[in-house]
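To keep things clear, I will list the structure first and then write my remarks on it.
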Amino acid sequence: MITEKIFGTKKPVIGVVHLLPLPTSARWGGNLKAVMERAEQEATALAAGGVDGIIIENFFDAPFTKDKVDPAVVSAMTLIVDRIMNLVMLPIGLNVLRNDAHSGMAIASCVGAQFIRVNVYTGVMATDQGVIEGKAHEIQRYRRELGQDIAIFADVLVKHARPLGTPNLTSAVTDTIHRGLADGIILSGWSTGLPPSLEDLELAKSASQDTPVFIGSGANWENIGQLMTFADGVIVASSLKRHGNIHETIDPSRVSQFVEAANTPIVIPQKKETTEKVKN
C-alpha cells in the first residue's frame with residue numbers, strides 16, 4: 001500500500017502545519033521570517049511528538065481564492081516547505097487552499113515533497129468560495145508532464161462544502177479512485193473539527209478496497225482509536241495544538257498522546273443478527 005511506501009507504516013499519523021497569513025492574503029502581517037519561524041517550530045514539535053508525516057497548508061490565508069493563488073503565495077510556500085524538508089526527516093506534503101492543486105504539484109515537484117492534498121478533485125461542490133469543479137484530468141496530466149512521483153490524496157465530499165446533486169458516498173469514492181485515479185481518499189466531517197461517522201468510514205473503506213482512506217478532520221485522542229478501525233491513516237491539526245485551540249501552536253505532549261492513541265485501535269464488535277420467535 002502507498003502508505004507504507006511513503007510513510008513506512010500502514011496507518012500513518014500526518015500532522016498539519018498551519019501557516020500564518022502569507023503575502024497578498026487578507027491578514028498578511030508583512031513579515032515572512034515570522035511565518036517561517038513559526039512553521040519551523042510547529043514542524044519540529046510534530047516530529048518530536050512522533051508523527052509519521054507532515055502536511056503544510058496556507059490555512060490562515062482565509063478568505064481563500066477558489067482556484068489559483070497569487071504567485072507570492074506559491075513563492076512563500078516553496079521557501080517554507082523547502083526549509084522544513086531540510087529541518088525534519090519526515091515525509092512532507094502540502095495543500096494549497098482552497099483548491100490550487102496545480103501550484104501544490106509544482107511546489108512539490110521543485111522541493112521533492114511526496115504528496116499533495118486536493119479538496120475538490122472530482123465532482124462539483126458548492127463552497128463559500130463559489131462553485132468549484134474537480135479537474136482530475138488536468139492534475140494527472142500536469143503530474144505526468146512534471147515527471148514526478150507525487151501522490152494525490154483527494155477529499156471525497158469535502159468539508160465546508162455541499163455537493164451539487166446528491167451523490168452516493170460509495171459512488172463518489174469509486175469515481176475518485178477509478179475515474180480520477182487518486183492515490184488515496186480523505187473523508188471528513190462537514191466542517192473543521194467534526195469527524196466523519198464510523199458508518200461513512202466503513203462504507204468508504206469497503207468501496208476503496210486497496211486504496212487508503214484517511215480521516216481528514218475531527219480526530220482527537222478520545223475518538224481516534226475507533227476511527228482508525230476503518231481508516232488507513234489520519235490528518236490531524238486542531239487537537240494537537242495547545243488547549244486544542246486551532247489558533248495556538250503545536251503542543252508536543254498532545255502530539256505524543258494522540259500518536260499513542262492512534263496506534264492503539266479499538267476493536268468494534270460486529271453487530272450480530274438476531275431472530276425473534278413469532279408467537280401464533
Count the heavy atoms belonging to other residues, nucleotides or ligands that lie under 6.0 Å from [atom1] of [X], then report whether that count exceeds 12.
X      : atom1 : answer
Gln148 : CD    : yes
Glu37  : CD    : yes
Lys135 : NZ    : no
Arg38  : CZ    : yes
Asn31  : CG    : yes

Derivation and outcome, side chain to side chain contact (heavy atoms under 4.5 Å, CB included), residues Leu32 and Leu79: CA-CA 10 Å; Leu32 187 58; Leu79 288 171; 4.2 Å; yes
Between [X] and [Y], is there a donor-acceptor pair closer than 3.5 Å when you use the side chain of the first and the backbone of the second?
X      : Y      : answer
Asp175 : Gly123 : no
Thr65  : Lys68  : yes
Thr3   : Lys10  : yes
Lys66  : Arg98  : no
Asp232 : Val213 : yes
Asp82  : Thr78  : no
Arg143 : Met105 : no
Asn245 : Arg242 : no
Ser256 : Ser253 : yes

Nearest 0.5 Å please: distance from the [atom1] atom of [X] over to the [atom2] atom of [Y].
X      : Y      : atom1 : atom2 : result
Arg117 : Ile55  : CZ    : CD1   : 6.0 Å
Asp70  : Ser75  : CG    : OG    : 8.5 Å
Asn263 : Phe258 : CG    : CZ    : 9.5 Å
Asn95  : Ile107 : CG    : CD1   : 10.5 Å
His243 : Ser238 : NE2   : OG    : 14.0 Å
Leu240 : Gln257 : CG    : CD    : 10.5 Å

What is the minimum heavy-atom distance between [X] and [Y], and which atoms define it?
X      : Y      : result
Pro21  : Val35  : O-CG2, 3.7 Å
Ala101 : Val118 : CB-CG2, 3.8 Å
Ala39  : Leu19  : CB-CD2, 3.7 Å
Tyr142 : Ala106 : OH-CB, 3.6 Å
Leu164 : Ala126 : CD2-CB, 3.9 Å
Ala43  : Ile54  : O-CD1, 3.7 Å

Are [X] and [Y] side-chain neighbours, meaning at least one heavy-atom pair lies under 4.5 Å?
X      : Y      : answer
Asp61  : Leu97  : no
Lys205 : Glu202 : no
Ile2   : Pro212 : yes

Side chain to side chain contact (heavy atoms under 4.5 Å, CB included) between Leu187 and Leu169, intermediate numbers included: CA-CA 10 Å; Leu187 206 64; Leu169 175 60; 3.9 Å; yes
Are [X] and [Y] in one and the same hydrophobic cluster, where Ile, Leu, Val, Met, Phe, Trp and Tyr link if side-chain heavy atoms are under 4.5 Å apart?
X      : Y      : value
Ile150 : Val96  : yes
Ile84  : Ile6   : no
Leu146 : Phe115 : no
Ile186 : Ile139 : no
Phe7   : Ile92  : no

Residues Ile132, Asp67; criterion side chain to side chain contact (heavy atoms under 4.5 Å, CB included); working and verdict: CA-CA 8 Å; Ile132 301 180; Asp67 39 43; over 6 Å; no
Steps toward side chain to side chain contact (heavy atoms under 4.5 Å, CB included) verdict (Met228, Ile215): CA-CA 8 Å; Met228 287 292 263; Ile215 301 157; 4.2 Å; yes
Distance-only side-chain donor-acceptor flag, Asn99 / Asn119, under 3.5 Å: no
Verdict with supporting geometry, Asp183 and Lys5, salt bridge (charged side-chain N to carboxylate O under 4.0 Å, His left out): CA-CA 12 Å; Asp183 300 295; Lys5 178 182 177 182; over 6 Å; no
Aromatic ring pairing His18/Phe60, orientation class (parallel under 30°, perpendicular over 60°, tilted between): perpendicular
Parallel, tilted or perpendicular, as decided by the 30° and 60° cut-offs, for the rings of Phe153 and Phe214: tilted
Electrostatic pair Lys11-Asp52, nearest N-O below 4.0 angstrom: no
Residue of the set Val234, Leu198, Asn220 for which side-chain contact (heavy atoms from CB on, under 4.5 Å) holds with Leu227: Leu198
